[in-house]
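Heads up, the thing below is written out as structure tokens.
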Amino acid sequence: MSSLEPVEELKTTHPAPSESSGGYDPAFFQQLAQVEDRHFWFRARNHLIFKVSKRLASALPPGYRVLEVGCGTGNVLRVLRQACPDGTVVGLELWLDGLLFARERSAGPLVQGDVRRCPFGIPFDLIGMFDVLEHVPEDLETLCALRSALAPGGRLMLTVPAHQYLWSYFDEAAQHCRRYSSQEIRDRLVQAGFQVEFLSQFMTCIFPLVWLFRKLSSRNQRPGSGDAKSLTLREFRVVPVINGVLAALLKLETLWLSSGLRLPIGTSLIVVARRT
């Protein structure tokens, strides 16, 4: 792409991946699209992404360019477009299945492709990659590609799952390659040529619930009782009272983090890094 003017059509720059390639099951897109707007986890993550990306975009001159890598169903893409009204926000996704949902949810440029074979001819000022890096076997190569797609001084905003000891059926069903410690993601970013400006754990209030539920479910799983995917889909259910309470608690976390403070424990990590 030589320019990033909003387009109505979906641009395809990379052939659709085969079922065996990549680290994601596209069958999840439909389930995600049905619950993302209501489920406390997605709502809380979106609120945090909105706050942080709005702050980063406010320091940029009008006409800046924002890219979301792995935009999936477009749930976060809508948030980025609200947080970055003076820029052009582009969605990049490997799977066409996700982009079809994204087109229904948000107007603006969408491109099918792989950031490691970047289809864009001009750099971005801000790139977001939200719970995608853990699906990629070549994470360092991907971070280097993200750096190349950024303008000098541009920012990368990441969220990834935290703590390998939380590994469970959920990670297997989601086709994760790994979960990260704070030091591991910092080291990867430094190796790729970034300076980490902010790094914190989040989803603190659900940490004990996640640990207990996933460990007990994995221990009690028996042949015929359901596979990893069915257990994972249970976590997508929206239970009204519990959902509301957890959403309220996580909103307090967002206020804390968006003020520049950090949290000592959580099931996820959020990072802002600058291209050096």
Side-chain angles (χ1 to χ4, degrees), residues 1 4 13-14 17 21-24 45 48-49 52-53 55-57 59-60 64-72 76-77 80 84 87 89-95 111-164 166-167 171 174-202 257 260 262 266-276:
M1 294 176 65
L4 293 176
T13 62
H14 187 274
S21 68
Y24 190 77
R45 188 186 62 167
L48 179 58
I49 291 169
V52 177
S53 58
R55 176 175 57 80
L56 294 172
L60 297 172
Y64 55 82
R65 294 177 290 273
V66 180
L67 174 67
E68 185 190 356
V69 176
C71 65
V76 179
L77 204 57
L80 289 174
C84 307
V89 181
V90 182
L92 178 69
E93 172 58 51
L94 188 64
W95 295 96
V111 178
Q112 184 185 7
D114 187 336
V115 73
R116 291 171 297 177
R117 293 184 288 276
C118 191
F120 306 106
I122 53 177
F124 291 84
D125 303 289
L126 175 62
I127 295 180
M129 194 178 194
F130 306 112
D131 292 277
V132 174
L133 190 64
E134 65 273 13
H135 294 273
V136 183
E138 309 85 359
D139 59 346
L140 181 58
E141 176 188 343
T142 300
L143 289 172
C144 290
L146 292 170
R147 182 185 183 278
S148 297
L150 277 168
R155 261 73 175 189
L156 172 66
M157 184 178 173
L158 288 175
T159 60
V160 293
H163 306 302
Q164 191 64 25
L166 288 179
W167 186 274
D171 301 279
Q175 299 186 26
H176 291 172
C177 297
R178 68 196 72 79
R179 301 177 71 94
Y180 289 91
S181 70
S182 297
Q183 191 60 52
E184 285 169 341
I185 193 64
R186 182 185 296 274
D187 289 345
R188 294 285 201 290
L189 286 162
V190 170
Q191 291 172 36
F194 287 94
Q195 176 185 344
V196 175
E197 295 184 329
F198 180 80
L199 170 59
S200 178
Q201 300 184 56
F202 71 107
L257 292 167
R262 292 166 175 78
T267 63
S268 295
L269 297 167
I270 181 168
V271 191
V272 175
R274 181 175 61 85
R275 173 181 169 170
T276 56

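We number each residue from 1, following the sequence as shown.
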If I compare all heavy atoms of [X] with all of [Y], which pair ends up nearest, and what's the gap?
X      : Y      : answer
Val196 : Val271 : CG1-CG1, 4.0 Å
Ala174 : His135 : O-CE1, 2.8 Å
Leu77  : Glu68  : N-OE1, 3.3 Å
Ala57  : Tyr64  : CB-OH, 3.6 Å
Ala149 : Cys118 : CB-SG, 4.2 Å
Ala162 : Gly266 : CB-O, 3.8 Å

Quick one: [atom1] on [X] to [atom2] on [Y], what's the gap to the nearest 0.5 Å?
X      : Y      : atom1 : atom2 : value
Glu134 : Ser268 : CD    : OG    : 8.5 Å
Asp125 : Arg155 : CG    : CZ    : 10.5 Å
Gln191 : Arg186 : CD    : CZ    : 13.0 Å
Leu92  : Phe124 : CG    : CZ    : 8.0 Å
Arg65  : Leu60  : CZ    : CG    : 10.5 Å
Leu199 : Leu189 : CG    : CG    : 8.5 Å

Q: For the pair Val132 and Tyr24, evaluate side chain to side chain contact (heavy atoms under 4.5 Å, CB included) and give the outcome as yes or no after the intermediate values.
A: CA-CA 9 Å; Val132 174; Tyr24 190 77; over 6 Å; no
Q: Apply side chain to side chain contact (heavy atoms under 4.5 Å, CB included) to the pair Arg116 and Thr142, showing each step before the final yes or no.
A: CA-CA 6 Å; Arg116 291 171 297 177; Thr142 300; 3.5 Å; yes
Closer than 3.5 angstrom, by distance alone: can the side chain of [X] be matched with the main-chain N or O of [Y] as a donor-acceptor pair?
X      : Y      : value
Glu93  : Gly72  : yes
Thr159 : Ile270 : no
Arg147 : Thr276 : yes

Q) If you look only at pairs with a residue in residues 266-276, which of them pass as a salt bridge (Lys or Arg N to Asp or Glu O under 4.0 Å), with sequence neighbours excluded? A) Glu197-Arg274
May I ask you to test the [X]-[Y] pair for a side-chain heavy-atom distance under 4.5 Å?
X      : Y      : result
Leu158 : Tyr180 : no
Asp131 : Pro161 : yes
Leu143 : Leu156 : yes

Q: Output, in order, the C-alpha distance, side-chain angles, deciding distance and verdict of side chain to side chain contact (heavy atoms under 4.5 Å, CB included) for Gln164 and Ser181.
A: CA-CA 7 Å; Gln164 191 64 25; Ser181 70; over 6 Å; no
Q: For Asp139, enumerate each residue passing the salt bridge (charged side-chain N to carboxylate O under 4.0 Å, His left out) test, keeping only those at least two apart in sequence or located in another chain.
A: Arg178, Arg188
Q: Given side chain to side chain contact (heavy atoms under 4.5 Å, CB included), test Val52 with Phe198 step by step and report yes or no.
A: CA-CA 10 Å; Val52 177; Phe198 180 80; 5.9 Å; no
